[in-house]
Structure formats: structure tokens, C-alpha cells
Amino acid sequence: MMIGKFTIVEITFNLYKTNWFNQNQGGIHFETFIEVPQIKQKLFPVCMHAEEDCPSQAEFIRRFMALEQEHIASWKGYKTVGNNYGICQRMLPLNFKNLEQRIFEEFNGLLTLEPSVEKILCNLKSVNR
């Protein structure tokens, strides 16, 4: 998609801690991205993933959903996924006037999940020793 003289291919933002196994973009992270389909739909996702680099990925997701599914479901617009690598997602309108603020607010909300991520990673680490 062309905007002025620029071709937009993809904008991706991942937020994670160094111990979340996301060094290669395949661990646990909060994410948003805007690509051509999102620009056309004027909607973009804000989500949490636990991808293939997450240790004991399926077990991590199972435990995380057991701890946080009801909490996440109480948030406006969020849907829990809990399969493959997706944990939760919300679609937001692509409004350029307050885009940075909206992303900041959504990631701050997702950061409340950090203690559960840390707890489960710690428990899985002690089990796998």
C-alpha cells in the first residue's frame, strides 16, 4: 500500500521481558501489528502470544488460561483464544489521531498479566529440572 512516496509493508510491535524466550520473536509476548489487511479493514489486533520458543508451550498455555481466562474475558473487547499460540486478542479501530495512546493503554492492561507469566514460567522451570 502506498502512502505518499512510501510503501507500507508491515509495522509490528512486540513487548516482552528478556526471560520470556522471545529473542527470535517466537516466545511469549504482547503484540500489535498493522499490515495492508489491517489498513484496508481499519482495524488492528492487540494480542498475547506464547509461540514455539515458549518452553512447554502447550502446558504454559493451559496453565495460563486456567489462571487468567476469566480475568481476560472481563476486559472490554477481549476474546480468549487459548489454542495453538494465541492467548487473547482485541481488535481496535485504526484511528491515527490517538493511535499511540490506545496502544499504550492496551499494553498497560496486558502488563497486569505479567505476574502470572512469571509464576508459570518459574513453575515449569522447576518441573523440567
Side-chain angles (χ1 to χ4, degrees):
M1 169 173 268
M2 294 288 293
I3 296 180
K5 296 180 182 179
F6 298 95
T7 301
I8 301 293
V9 178
E10 171 182 330
I11 299 168
T12 302
F13 183 72
N14 279 251
L15 181 64
Y16 59 93
K17 292 182 69 177
T18 57
N19 64 321
W20 288 8
F21 303 93
N22 201 55
Q23 294 77 359
N24 297 314
Q25 310 291 318
I28 302 164
H29 56 268
F30 307 124
E31 177 177 282
T32 189
F33 56 90
I34 301 171
E35 299 172 349
V36 173
Q38 287 74 38
I39 293 170
K40 288 180 179 178
Q41 294 174 343
K42 296 185 181 354
L43 291 171
F44 69 99
V46 176
C47 44
M48 180 180 177
H49 294 153
E51 296 185 17
E52 66 278 352
D53 292 340
C54 173
S56 304
Q57 178 191 31
E59 182 63 14
F60 174 88
I61 292 172
R62 186 191 69 72
R63 291 182 186 194
F64 188 86
M65 296 306 286
L67 273 177
E68 294 289 359
Q69 186 168 7
E70 286 183 30
H71 179 209
I72 294 167
S74 73
W75 295 348
K76 182 180 178 185
Y78 274 87
K79 293 186 167 90
T80 55
V81 183
N83 59 20
N84 200 5
Y85 62 86
I87 292 178
C88 65
Q89 178 171 303
R90 177 180 186 184
M91 298 299 288
L92 293 174
L94 191 52
N95 178 343
F96 292 103
K97 292 180 184 176
N98 60 4
L99 185 61
E100 295 169 8
Q101 184 62 34
R102 288 298 305 268
I103 292 170
F104 179 77
E105 290 169 1
E106 294 301 321
F107 278 152
N108 273 332
L110 288 169
L111 283 172
T112 64
L113 302 172
E114 176 193 358
S116 293
V117 171
E118 295 291 330
K119 177 181 178 179
I120 295 166
L121 286 175
C122 184
N123 289 342
L124 288 172
K125 186 177 179 181
S126 65
V127 167
N128 292 328
R129 285 185 186 181

Between L113 and H71, is a side chain to side chain contact (heavy atoms under 4.5 Å, CB included) present by the stated rule, with each step listed? CA-CA 9 Å; L113 302 172; H71 179 209; 3.9 Å; yes
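- Side-chain contact between F60 and I87 is present, with heavy atoms from C-beta onward closer than 4.5 Å.
- Using modelled atom types and a 3.5 Å distance limit, the side chains of Q23 and D53 yield no donor-acceptor pair.
- With sequence neighbours left out, Y85 forms a side-chain contact (heavy atoms from CB on, under 4.5 Å) with H49, E51, Q57.
- The heavy-atom pair separating G27 from N22 by the smallest distance is N-OD1, 2.8 Å.
- Every residue meeting the ring pair (Phe, Tyr, Trp, His ring centres under 6.0 Å) condition with F13, not counting sequence neighbours, appears here in chain and number order: F107.
- Residues V117 and K17 fail the side-chain proximity criterion, which asks for heavy atoms closer than 4.5 Å.
- The cluster map of Ile, Leu, Val, Met, Phe, Trp and Tyr, joined by side-chain heavy atoms under 4.5 Å apart, puts L111 and L121 in the same cluster.
- For the pair W20/N14, no side-chain contact is recorded, criterion being any heavy-atom separation below 4.5 Å from C-beta on.
- The distance from the CG atom of L67 to the NZ atom of K119 is 5.5 Å, given to the nearest 0.5 Å.
- At a threshold of 4.5 Å between non-hydrogen side-chain atoms, the residues L124 and S56 count as touching.
- A distance-only check finds no donor-acceptor pair linking the side chain of E105 to the backbone of R102 [under 3.5 Å].
- We find the CZ-CG distance between F104 and N98 to be 14.0 Å, quoted to the nearest 0.5 Å.
- V81 and G86 make their closest contact through CB-O, 3.7 Å (heavy atoms, listed as atom of the first residue, atom of the second, distance).
- Here the straight-line distance linking atom OH of Y16 with atom CD of E114 works out to 14.5 Å at 0.5 Å rounding.
- Nearest heavy atoms, G109 versus W75: O-CH2, 3.5 Å.
- Connection of M65 to I120 is established within a shared hydrophobic cluster, with ILVMFWY side chains joined at heavy-atom distances below 4.5 Å, either directly or through further cluster members.
- We find the CG-CG distance between N95 and L43 to be 11.5 Å, quoted to the nearest 0.5 Å.
- Closest non-hydrogen pair, L99 versus I34, comes out as CD2-CD1, 4.2 Å.
- With rounding to the nearest 0.5 angstrom, the NZ atom of K42 is 14.0 Å from the CE atom of M91.
- For the pair P45 and T32, the tightest heavy-atom approach, listed with the atom from each and the gap, is O-OG1, 2.6 Å.
- When every heavy atom of I39 is checked against every heavy atom of L94, the shortest pair comes out as CA-CD2, 3.8 Å.
- Between L110 and Y78 there is a side-chain heavy-atom pair separated by less than 4.5 Å.
- Between atom CE of residue M48 and atom NE2 of residue H29 there is a gap of 9.5 Å, rounded to the nearest 0.5 Å.
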